Amino acid sequence: MTIEIDLTNDKALVTGSGAGIGREIAIWLARAGATVVVNDLIPERAESVTEEIIKEGGQAFAIPANCRDDVAVDELVKHSFEIMGGLSIAVNNIGMLPPNRSLKPFVKYRGDDWRDIIDQNLTLSALCGRAEADIMSKNGGGAIIFVSSGETTRPSPYNSAYAASKAAINHLVTSMAVELGPAGIRVLGVAPGTTLTETVAAAFTEERMEQLVESTPLRKMVDHDELARLIVFLASELARCITGQFIIADAGAFLSRTRPGNLEGLRINDT
Ligand SMILES: NC(=O)c1ccc[n+]([C@@H]2O[C@H](COP(=O)([O-])OP(=O)(O)OC[C@H]3O[C@@H](n4cnc5c(N)ncnc54)[C@H](O)[C@@H]3O)[C@@H](O)[C@H]2O)c1
């Protein structure tokens, strides 16, 4: 006997899926049979991932939108529902990574820096979750999955705003789960460890990456497809009794007492 994950009746929206982890999530949901809306701020990215999925034999639509704008989010979710004929899986993947702009000594934060990161991570995700929950609650329920971060379980220096914004998402998962469970909506989070996306590769030195690998019990960084397959499982019927949790997917980094101590490999903005 084999156990199969079959999402052929599912309709999925993945935010920020034109690159990185989101791209892989959209591709793997489509491989499991779901129809997928590929959203990204950059239209060419959304279109290119959609073409990839269609070339593989999957079903996908590109809907570019800026998920920081609540009106655009409402339109994205409504349009996704209409174009796919439903919405049963939503993955809220967008987040500002620390190496991007936010890696900063705590004492150097100004109000604008701090608010920018909270808006891009917590507020954006909450607005997406609100629009998705509204439509799902009127149409048979579904699964809403947020991409959090391993930073919430093993904090590192110079990363306070990012870590706080992602920890708030972990709590949002629990609040939404208790409120929306009766409407048939499961709410989950995935907390990835360092994953080698282009953004991460550009921001970390080789030495820093080696230190990260050495600091995990499994001696590895997390691969995009490992996260994507976890999300396929969580979205599926196999996980139908799970809600209100965030799953740490970090090669065991959270168990390790030794964070890479040498900060030389990090690029820090201390202006
Ligand atoms: N890469 C890692 O090591 C890592 C570790 C832990 C958690 N995460 C989390 O995983 C998620 C994805 O990270 P990634 O590394 O794949 O990021 P990425 O920067 O590689 O890709 C993010 C995508 O989202 C799009 N995007 C950004 N803002 C948007 C907006 N306002 N509206 C629509 N699209 C927008 C970007 O254009 C880009 O294509 C983030 O939430 C991040 O915090 C990443």
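Computed from a predicted model, the values in this text were never measured in an experiment. One-based numbering, in listed order, for ligands and for the atoms of each.
Listed by first then second residue, pairs satisfying side-chain hydrogen bond (donor to acceptor under 3.5 Å, both in side chains) with a partner in residues 221-234 read Lys220-Glu226, Asp225-Arg229, not counting sequence neighbours. Among residues at least two apart or in separate chains, side-chain hydrogen bond (donor to acceptor under 3.5 Å, both in side chains) pairs with a member in residues 239-250 are Glu237-Arg240.
Geometrically, ligand 1 and Thr194 share no nitrogen or oxygen pair separated by less than 3.5 Å. Distances between N or O atoms of Cys67 and those of ligand 1 include at least one value under 3.5 Å. Considering backbone and side-chain atoms together, Ile21 places an N or O closer than 3.5 Å to an N or O of ligand 1. Checked against a 3.5 angstrom limit, the closest N/O atoms of Ser149 and ligand 1 fall outside it.
With salt bridges taken as basic N to acidic carboxylate O contacts below 4.0 Å, none links Asp116 and Arg110.
For Gln120, every heavy-atom contact with ligand 1 shorter than 4.0 Å involves the side chain, none the backbone. Contacts between Ala65 and ligand 1 below 4.0 angstrom, taking non-hydrogen atoms only, involve the backbone exclusively. Counting heavy atoms under 4.0 Å from ligand 1, residue Arg45 touches it through the side chain alone. Residue-level proximity to ligand 1 for Met96 is absent, since no heavy atom of it falls below 4.0 angstrom.
Looking at Leu41, Thr152, Thr195, Leu212 and measuring to atom 26 (N) of ligand 1, the nearest heavy atom belongs to Leu41.
Heavy-atom proximity to Asn39, at under 4.0 Å, picks out these atoms of ligand 1: 33 (C).
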